[in-house]
Amino acid sequence: MLTLKKLRVTMPESQNDTGKKNRTYMSKELTTRAENYSEWYNELVVKGQLADHSAVRGCMVIKPYGYALWENMRDQLDKMFKETGHVNAYFPLFVPKSLFEAEEKNAEGFAKECAIVTHYRLKTDSENKGKLIVDPEAKLEEELIIRPTSEAIIWNTYKGWIQSYRDLPLLINQWANVVRWEMRTRLFLRTAEFLWQEGHTAHATKEEAIIETKKMLDVYAAFVEEWMAVPVIKGVKTANERFAGAEDTYCIEALMQDGKALQAGTSHFLGQNFAKAFDVKFSDKENKLDYVWATSWGVSTRLIGALIMAHSDDQGLVLPPRIAPLQVVLVPIYKGEESKPVIDAKANEIVAALKSLGIRVKYDDSDNARPGWKFAEYELKGVPVRIALGMRDLENNVVEIARRDTKEKKSISLDGIAAYIEKLLEEIQQNIFSKAKAFQQDNTREANSWDEFVTLLDEKAGFVSAHWDGTSETEEKIKQETKATIRCIPLNNALEPGKCILTGKPSSQRVLFARAY
RNA sequence: CGGGAUGUAGCGUAGCCCGGUUAUCGCGCCUGGUUUGGGACCAGGAGGUCGCAAGUUCGAAUCUUGCCAUCCCGACCA
């Protein structure tokens, strides 16, 4: 913290003379993680072409490269949802206020961050030519809330869809945007509008709903670990951190390179809260009426933030091959005009072979940048594998393969090159995950006293596993003192008697603390 | 939403304190040429409502006020 402040203070002084040249040169480079982690992140998002700020406060423009990443994530998740029996539907962006407030706890939880539509028409301003004003005549009878989440509108709809146990379970997901009026925003991590999916299911029994909640948590964990290569801890939230309106909130927690935790996905067991609020009943086999049991679960574009902060380095993004928009880039190296067609021919051959294996590959033979520039550019954008092909390689029947994750370069025989790269992509995927997993393990530590707890948080960051007496008051006090929150009570946690880190009261298990995004 | 800072061409910036010809420089961009194995070079060229809006003034990038956006620090939150 101190060093960061010093850096910021000294920067303006170093802007003169020699500093200027450096800065110009540095503009192509990135702030390093050690220099300023959050600036590094911001630059990476923008320079890596993932997203930009927009003219609207707190809202971002997701650029084609970033959107391609989201599409890959979305497509895989969607497939996994469908494999587990879910179907997609779409519900409105607007929620009438009366519906929104039906489930009290949920409404209260979101009340402070809602955007509200109050009018439906503009008119020209008679006093100000060319300007528009809100037409006071066009006030809505009932305000519309722009959904911060869709439970209200969906459960209001489900009421009409569910009569009998034969209508259950109802397993629906929607891909949508939501709006939460955030005070402080950051690209991907917390924006006023974001993209996500929200699953909303209805079940005949409590047990079945709980199974669904945990199943979807497993789906999230599998996706995030196997596709995004980000290791996660599965757990349950404490009452303080629970979703408003839920009985239980399950989560996957990831650890970023600066030692801060990030909630990467949540799955809620909603009990009968929404069924009661919206009067959704069904007849069971004995023709007895009961309220249905509900779940909801979601992941958002925030996952992209997690991805960036888990893997990327001081040269730029590091994207796991399975979701990278571009898995391989081929850069030709020409020497003289006559070599171009020769290199092109071989390059096209390689590209065709890779495409036939389903590999996302680009041949970048554009003439407006030289090879060195392209190398740096694709490193910044996190393309997992780069192939360089020049006459020298052709003569030796090889290509130069560079891995983004290890920066290792090797000459590899052109014979069987496509199969080699297919295998290499898989190896990179595994390596990125292993590296992140090792980081997570190295940065999860036990604290057995208050002093040790505070020292670990301040000097090492990461997850701190410690005993807690189970009360909200203690959790709140710890948060006040250290800014650390209980990220979760890990599932399958080993029971281990101990004493609360703060109060010394008896505790039956350790929970995971961290400072979080 | 409170405190602090910032906003000049696509990017990074000089000029602002102390108002005064045609707003500085580098990168990038366009044209032509030479090049191409880790961010090439030469020559020529284009590009600006100085964040937006009012005000003060003979005159505003520069002074005043309001607004918008971004960053940092708090409170809030996925």
Side-chain angles (χ1 to χ4, degrees), chain A residues 1 4-5 7-9 11-12 15-17 19-29 31 36 38-39 41-43 46-47 52-60 109-113 128 131 148-149 178 180-192 194-196 198 237 240-241 243-244 249 251-254 261-266 268 297-303 305-306 315 331-337 339-340 343 365-380 386 388-394 399-400 402 407 409 411 479-480 483 485 516-517:
Chain A
M1 289 294 277
L4 295 189
K5 275 180 184 165
L7 253 178
R8 239 174 280 135
V9 172
M11 262 170 71
Q15 274 181 17
N16 307 321
D17 308 330
K20 188 164 67 180
K21 205 162 200 177
N22 272 335
R23 288 173 65 87
T24 306
Y25 179 70
M26 289 293 285
S27 73
K28 283 175 180 174
E29 312 257 326
T31 300
N36 187 338
S38 65
E39 202 168 308
Y41 173 83
N42 292 339
E43 283 183 14
V46 173
K47 292 188 177 172
D52 257 333
H53 293 287
S54 69
V56 193
R57 180 194 197 100
C59 294
M60 64 177 165
F110 284 106
K112 290 161 291 174
E113 43 184 349
N128 229 331
K131 303 288 182 190
T149 180
V178 286
R180 296 181 187 176
W181 212 260
E182 297 291 347
M183 295 303 163
R184 208 171 152 184
T185 58
R186 297 195 63 192
L187 295 174
F188 290 118
L189 295 175
R190 177 167 291 108
T191 46
F194 58 92
L195 304 184
W196 77 345
E198 45 182 326
K237 288 292 189 188
N240 283 11
E241 302 279 322
F243 176 70
T249 288
C251 63
I252 49 173
E253 290 286 326
L262 187 139
Q263 180 175 306
T266 49
H268 313 291
W297 27 274
V299 296
S300 72
T301 37
R302 185 182 223 204
L303 276 179
Q315 276 70 50
V331 176
I333 295 154
Y334 302 125
K335 271 221 165 66
E337 281 295 306
S339 68
K340 191 167 190 272
I343 292 170
D365 67 338
S366 61
D367 197 31
N368 51 9
R370 294 165 75 255
W373 194 91
K374 291 177 186 174
F375 292 173
E377 182 68 11
Y378 289 112
E379 270 164 19
L380 175 63
R386 182 185 72 231
L389 180 63
M391 288 308 281
R392 204 164 73 201
D393 302 302
L394 282 181
V399 284
E400 185 192 80
K407 314 239 178 60
K409 286 196 276 196
S411 275
K479 186 180 173 184
Q480 299 281 325
K483 290 183 186 170
T485 50
Y517 278 96

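Here is the naming used below: chain letters follow the sequence lines, and residue numbers restart at 1 for every chain. Just the heavy atoms: all of them, side chains too, but no hydrogens, waters or symmetry mates, feed the values below.
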For this session: Could you tell me whether Ser411(A) contacts a base, only the sugar-phosphate backbone, or nothing, with contacts defined as non-hydrogen atoms closer than 4.0 Å?
Result: nothing
Problem set entry | Whole-Å distance separating the CG atom of Leu187(A) from the P atom of C71(B) | 7 Å
For this session: Give one of base, sugar-phosphate or nothing for Ala264(A), where a contact means two heavy atoms less than 4.0 Å apart.
Result: nothing
For this session: Can you tell me, in whole Å, how much space there is between the P of U13(B) and that of A75(B)?
Result: 30 Å
Exercise. What is the nucleic acid contact for Phe194(A), judged by heavy atoms within less than 4.0 Å: base, sugar-phosphate only, or nothing?
Worked result: base
For this session: Indicate yes or no for a side-chain donor-acceptor contact from Arg186(A) to the backbone of Gly305(A) under 3.5 Å, with no hydrogens or angles considered.
Result: no
Problem set entry | Pair Thr191(A)-Glu182(A), side chain to side chain contact (heavy atoms under 4.5 Å, CB included): steps then yes or no | CA-CA 7 Å; Thr191(A) 46; Glu182(A) 297 291 347; over 6 Å; no
Exercise. On a whole-Å scale, what distance lies between the P atoms belonging to C17(B) and G51(B)?
Worked result: 15 Å
Seminar exercise, completed: Considering only heavy side-chain atoms of Met183(A), the closest of C1(B), G38(B), C77(B) is C1(B)
For this session: Find the distance Asp367(A):CG to U36(B):P and express it as a whole number of Å.
Result: 12 Å
Exercise. NA contact type, Gly109(A), heavy-atom cut-off 4.0 Å: base, sugar-phosphate, or nothing?
Worked result: nothing
Problem set entry | Listed nucleotide nearest any side-chain atom of Asn42(A), set C71(B), U35(B), G37(B) | C71(B)
Exercise. Between G47(B) and C11(B), how far is it from one C1' atom to the other, in whole Å?
Worked result: 14 Å
Exercise. At under 4.0 Å between heavy atoms, what does Leu189(A) touch on the DNA or RNA strands: base, sugar-phosphate, or nothing?
Worked result: base
For this session: Mind calculating the distance between CG (Asp52(A)) and P (G10(B)) to the nearest angstrom?
Result: 13 Å
Exercise. For Arg190(A) and C76(B), what is the distance between atoms CZ and C1' respectively, to the nearest whole Å?
Worked result: 9 Å
Exercise. The side chain of Pro371(A) lies closest to which of these nucleotides: G39(B), G37(B), C76(B)?
Worked result: G37(B)
For this session: Before accepting this row, confirm whether a basic side-chain N of the pair Arg386(A)/Glu379(A) lies closer than 4.0 Å to the acidic partner's carboxylate O.
Result: yes
For this session: Considering just the side-chain nitrogens and oxygens of Ser38(A), establish if one lies under 4.0 Å of OP1 or OP2 belonging to C72(B).
Result: yes
Problem set entry | Electrostatic pair Glu253(A)-Lys237(A), nearest N-O below 4.0 angstrom | yes
Problem set entry | Spacing of Tyr334(A) atom OH relative to U36(B) atom P, expressed in whole Å | 13 Å
Problem set entry | Distance in angstrom units between Glu182(A) CD and C76(B) C1', rounded | 8 Å
Problem set entry | Heavy-atom check, side chain of Ile343(A) versus side chain of Leu394(A), under 4.5 Å | yes
Exercise. Which part of the nucleic acid does Met391(A) contact within heavy-atom distance under 4.0 Å: base, sugar-phosphate only, or nothing?
Worked result: base
Exercise. Is Arg57(A) touching bases, backbone alone, or none of the nucleic acid, heavy atoms closer than 4.0 Å?
Worked result: sugar-phosphate
For this session: For A46(B) and A9(B), measure between their C1' atoms and round to the nearest Å.
Result: 11 Å
Exercise. Checking only heavy atoms, does the side chain of Lys409(A) share a donor-acceptor pair with the base of G38(B) at less than 3.5 Å?
Worked result: yes
For this session: For C29(B), give its Watson-Crick or G-U wobble partner with both distances under 3.5 Å, or none.
Result: G45(B)
For this session: Select from Glu377(A) and His53(A) the residue whose nearest nucleotide in RNA chain B is closer to the 5' end of that strand.
Result: Glu377(A)
For this session: Would you indicate what Gln263(A) reaches in the nucleic acid, counting non-hydrogen atoms under 4.0 angstrom: base, sugar-phosphate, or nothing?
Result: sugar-phosphate
For this session: Write down the distance separating the C1' atoms in G7(B) and U62(B), rounded off to the nearest Å.
Result: 15 Å
For this session: Can you tell me, in whole Å, how much space there is between the P of G15(B) and that of C1(B)?
Result: 34 Å
Exercise. Quick one: does Glu43(A)'s side chain have a donor or acceptor within less than 3.5 Å of a partner on Thr31(A)'s backbone?
Worked result: yes
Problem set entry | Nucleotide nearest Arg370(A) (side chain, heavy atoms from C-beta), chosen from G37(B), G38(B), G74(B) | G37(B)
Exercise. If you take atom types as modelled and just measure distance, does the side chain of Arg386(A) reach the base of G38(B) with a donor-acceptor pair under 3.5 Å?
Worked result: yes
Exercise. So, Arg180(A) side chain and Pro148(A) main chain: donor-acceptor pair closer than 3.5 Å or not?
Worked result: yes
Exercise. On a whole-Å scale, what distance lies between the C1' atoms belonging to G39(B) and G12(B)?
Worked result: 16 Å
Problem set entry | Watson-Crick or G-U wobble partner of A40(B), both distances under 3.5 Å | U34(B)
For this session: Could you check which nucleotide pairs with U57(B) in any of the strands shown, counting Watson-Crick or G-U wobble with both distances under 3.5 Å?
Result: none
Problem set entry | Spacing of Glu39(A) atom CD relative to G12(B) atom P, expressed in whole Å | 11 Å
Problem set entry | Backbone of Ser366(A) reached by a side-chain donor or acceptor of Lys374(A) within 3.5 Å | yes
Exercise. In the strands shown, is A69(B) matched to any nucleotide by a Watson-Crick or G-U wobble pair with both distances under 3.5 Å, and which?
Worked result: U6(B)
Exercise. Contact class for Thr266(A) vs. all strands (heavy atom < 4.0 Å): base, sugar-phosphate, or nothing?
Worked result: nothing
Exercise. Within the pair Arg184(A) and C73(B), is there a side-chain N or O less than 4.0 Å away from OP1 or OP2?
Worked result: yes
Problem set entry | P spacing across the pair A14(B) / U8(B), given as an integer number of angstrom | 10 Å
